[in-house]
Structure formats: structure tokens, C-alpha cells
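The structure appears below as C-alpha cells.
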Amino acid sequence: MPAYGPDVISANIHKLVDSRDSQDTAAEQAAWNEISRLYESCVRTEKDEMNLNDSLVQSGVLPRLLVSISSAIDSDDWDETISKEELEETINSTDGSVNPATKIASEYALDNFDSIDGCDGDERDGELSQEELRKWQQTHQGEADPRHVNPYETNPENQDDPNAGDDALPEDAERCMRVLEKRYASEQEKLRAVEDLSKMGIKEIELTEPDGSVRKYQIQVESAGNGRNYVHLWDASTGKIVLRGIGKDGVYTQQVDRNGKPVPFQGHRWTEHKPDSNVTKFEN
């Protein structure tokens, strides 16, 4: 199993629900990002999916998640209920706009739809109301404390204490730079790391090459319209483009040249200049 496997995704989903309950928007956004990143790279088999769902059900976090994000599944908004069609639409979305956590909750709701519908004592009507979701959650608290099944640490109050630990699952610069230095991480992971660094206000980084040398890189992220961003990583000493892509909601597509043809995520001149650089080695 990968080093960051389903158990760590479970911890982030637990963190997501807690941050939404406490209205901690920064922690919530970090959790959304981490879930998307980890799910893409770690949940690759049916067994991984089963382990993840078993952990979420055992801790009672999955029913809480469903209540917490039900409004994101309710596409028509006006009736404040969820239909099977809305669940299927969410599950089958392929445009990158739906976070894996939302799909997990939708699949859980669809699997248990008939049991949830009417669990508040009313007759089944083919729609899941907020009251029904809350009733279901109250009777499916899980068999174990989520803090033990899906543990995570919160940031310490004293941030100046050098002995205080950071968040157990940080969305921080060090983690992003490790991804960029990681040989054969995917292009999606590396471009996401570049964009995350930009969100932290970081415009220049230093990365260690396989030969032990350290190079400086510059980060540039600009709006491409319609919620998309141009994401670029440049070599600071030569000005050559190293990584490039167009991102939306953490999913990246290739840019195109003046003739409308897709260009590689790696800069062509850079890979000729530094063919052994880990930054442009992608997972096959």
C-alpha cells in the first residue's frame, strides 16, 4: 500500500468534516486539496476503495460527511432534497469539478438510499431530505472513536514554540517541494504542488537535483478565465520553462501552441538541457 494510503485519506475526511463544523475555512480548503491529491495517487484498486469506506463507516465519519456536504450534491437547490439522479450525476462526473470526498459520500448515499429514505418515520418519497440524512447519521455513529480510527493533529496554539508539532497532514511548502523532487510523481501531482506553493505566496524555491546540486526555480500562476489558471515553473538561471499546464480545481490539462496543438507538460528546451532532472520525471 502507498505510504499515503486510504487511512490517511480517512484522516483528512475526518478533518474536513470537523473543519466545516467549526467553520475553519483554511483547514477545510487544505483538507479538500489533500483528499483530492491523495485519492488520485493512492486509491487505485477495489481493495483500496473498500478499505477506505470500511474505515469511514467504522468511525461514523462517512454519515457525517454526507450530512455536511449534502448541499453540494443537491444540484437544483430549490427543494433541499437529494434524488438518485443527482447522486448518479455526481458520481459519474468526469470534468474534475467534483472532489473525491463528494463522490464517496454520494456512492454511500446511493447504496443506502432506500434505507435512508423514510428513516425519519415518514413514507418513502424517492428523495433524501436533510432530516432523513441527520436521522441516519444519528443512528450510524460508528463503532469506534474517529479520533482513533482516523486520527489527525490540530495545529498547536503556540506557533512560536520550536518543539510544537505542525498539522499531522500539512498542506505546506516542504511537502510540495518533496513532490517536485520526487522521481516519477505524476504531472498532476507536480503541477498541483506548484499551484499550492503559489497559493502560499511563494514565488521562488530551491530544489535538489539527483547529482546533489541545488537549483532555483520561479513560480508563476495567472488566471486563464472561467476558473482556470495558467501554472508555470521556470528555471531561474536560464529562464527556461520547466513545467506548464492549465489547472482548474486541482486538475491539469495541456496548454496548446499557436497552431492549437497540445504541448507537453515538461518544457522541451529544459528537458534537453537537464534530461536527468527529477522535476520533469513523471509517473508512467
Side-chain angles (χ1 to χ4, degrees), residues 6 9-36 38-40 43 46 49-146 149-150 226-227 248-251:
I9 302 174
S10 298
N12 273 280
I13 292 177
H14 175 205
K15 179 178 180 179
L16 170 67
V17 179
D18 281 358
S19 62
R20 285 177 65 84
D21 286 350
S22 63
Q23 298 184 338
D24 185 342
T25 55
E28 177 187 344
Q29 187 59 55
W32 280 121
N33 292 342
E34 194 75 351
I35 291 163
S36 181
L38 291 170
Y39 192 92
E40 179 181 335
V43 181
E46 289 186 5
E49 291 182 358
M50 289 177 60
N51 289 340
L52 175 58
N53 279 278
D54 287 348
S55 177
L56 291 169
V57 170
Q58 181 186 0
S59 64
V61 171
L62 189 45
R64 285 184 63 211
L65 173 67
L66 179 57
V67 172
S68 181
I69 65 172
S70 59
S71 59
I73 303 170
D74 180 18
S75 59
D76 53 32
D77 289 332
W78 62 270
D79 61 358
E80 297 185 349
T81 62
I82 298 174
S83 66
K84 286 186 177 181
E85 290 74 17
E86 287 172 322
L87 292 170
E88 290 168 348
E89 180 181 351
T90 301
I91 294 167
N92 294 328
S93 174
T94 58
D95 62 4
S97 63
V98 180
N99 188 277
T102 308
K103 288 196 176 188
I104 290 169
S106 298
E107 289 169 351
Y108 175 74
L110 190 60
D111 289 343
N112 294 280
F113 194 95
D114 291 341
S115 298
I116 300 173
D117 188 12
C119 71
D120 60 346
D122 292 337
E123 293 184 4
R124 292 179 181 172
D125 59 3
E127 302 280 344
L128 304 184
S129 67
Q130 280 291 315
E131 180 62 22
E132 288 170 334
L133 295 176
R134 282 192 291 268
K135 287 288 186 181
W136 178 261
Q137 187 267 320
Q138 290 167 5
T139 56
H140 293 76
Q141 300 283 349
E143 299 176 359
D145 189 329
V149 179
N150 308 129
N226 296 321
K248 182 176 182 180
D249 298 328
V251 177

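Please read all numbers here as calculations on a predicted model, not as lab measurements.
Between the CG atom of Asp120 and the CD atom of Gln138 there is a distance of 10.5 Å, given to the nearest 0.5 Å. The distance from the OG atom of Ser106 to the CD1 atom of Ile69 is 6.5 Å, given to the nearest 0.5 Å. Atom-to-atom distance recorded for Lys15:NZ and Ser10:OG is 14.5 Å, nearest 0.5 angstrom. In this structure, the separation between CD on Glu107 and CG on Leu66 is 12.0 Å, given to the nearest 0.5 Å. Ile35 contributes atom CD1, which lies 5.0 Å from atom CD1 of Ile13 (distance to the nearest 0.5 angstrom). The CG atom of Asn99 sits 11.0 Å away from the OG atom of Ser93 when rounded to the nearest 0.5 Å.
Contact between Leu62 and Ala105 at its shortest, heavy atoms only, is CD1-CA, 4.1 Å. Summarising the geometry of Glu132 relative to Gly118, their closest heavy-atom pair is OE2-N, 2.8 Å, with the distance given to 0.1 Å. The minimum heavy-atom distance linking Ser97 with Asp249 is given by the pair CA-OD2, 3.8 Å. The two residues Glu49 and Tyr39 have their closest heavy-atom pair at OE2-OH, 3.8 Å.
Donor-acceptor pairing under 3.5 Å is recorded for the side chains of Gln29 and Asn33. Side-chain contact, Trp32 with Glu28: a donor N or O sits under 3.5 Å from an acceptor N or O.
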Checklist entry - Step by step, would you call Glu34 with Leu16 a side-chain contact (heavy atoms from CB on, under 4.5 Å)? => result CA-CA 10 Å; Glu34 194 75 351; Leu16 170 67; over 6 Å; no
Next on the checklist: Please determine whether salt bridge (charged side-chain N to carboxylate O under 4.0 Å, His left out) holds for the pair Arg64 and Asp18, giving the CA-CA distance in whole Å, both sets of side-chain angles, and the decisive distance to 0.1 Å.
Outcome noted: CA-CA 9 Å; Arg64 285 184 63 211; Asp18 281 358; 3.0 Å; yes
Checklist entry - Going through the distances and angles, do Leu133 and Ile82 end up as a side-chain contact (heavy atoms from CB on, under 4.5 Å)? => result CA-CA 10 Å; Leu133 295 176; Ile82 298 174; 4.2 Å; yes
Checklist entry - Between Leu56 and Leu65, is a side-chain contact (heavy atoms from CB on, under 4.5 Å) present by the stated rule, with each step listed? => result CA-CA 9 Å; Leu56 291 169; Leu65 173 67; 5.6 Å; no
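Using modelled atom types, one side-chain atom of Asp117 and one backbone atom of Gly126 make a donor-acceptor pair closer than 3.5 Å. For the pair Thr90 (side chain) and Glu86 (backbone), a donor-acceptor distance under 3.5 Å is present. The backbone N or O of Ser70 sits nowhere less than 3.5 Å from a side-chain atom of Asp74 that would complete a donor-acceptor pair.
Side-chain contact check for Asp114 versus Lys84: some heavy-atom pair is nearer than 4.5 Å. Side-chain contact check for Trp136 versus Leu128: every heavy-atom pair is 4.5 Å or farther apart.
Within a 6.0 Å sphere centred on NZ of Lys135, other residues, nucleotides and ligands contribute 12 heavy atoms or fewer.
With sequence neighbours left out, the salt bridge (Lys or Arg N to Asp or Glu O under 4.0 Å) criterion links Glu88 to no other residue.
Taking the charged nitrogens against the carboxylate oxygens, Arg134 and Glu131 do have a contact shorter than 4.0 Å, which makes a salt bridge.
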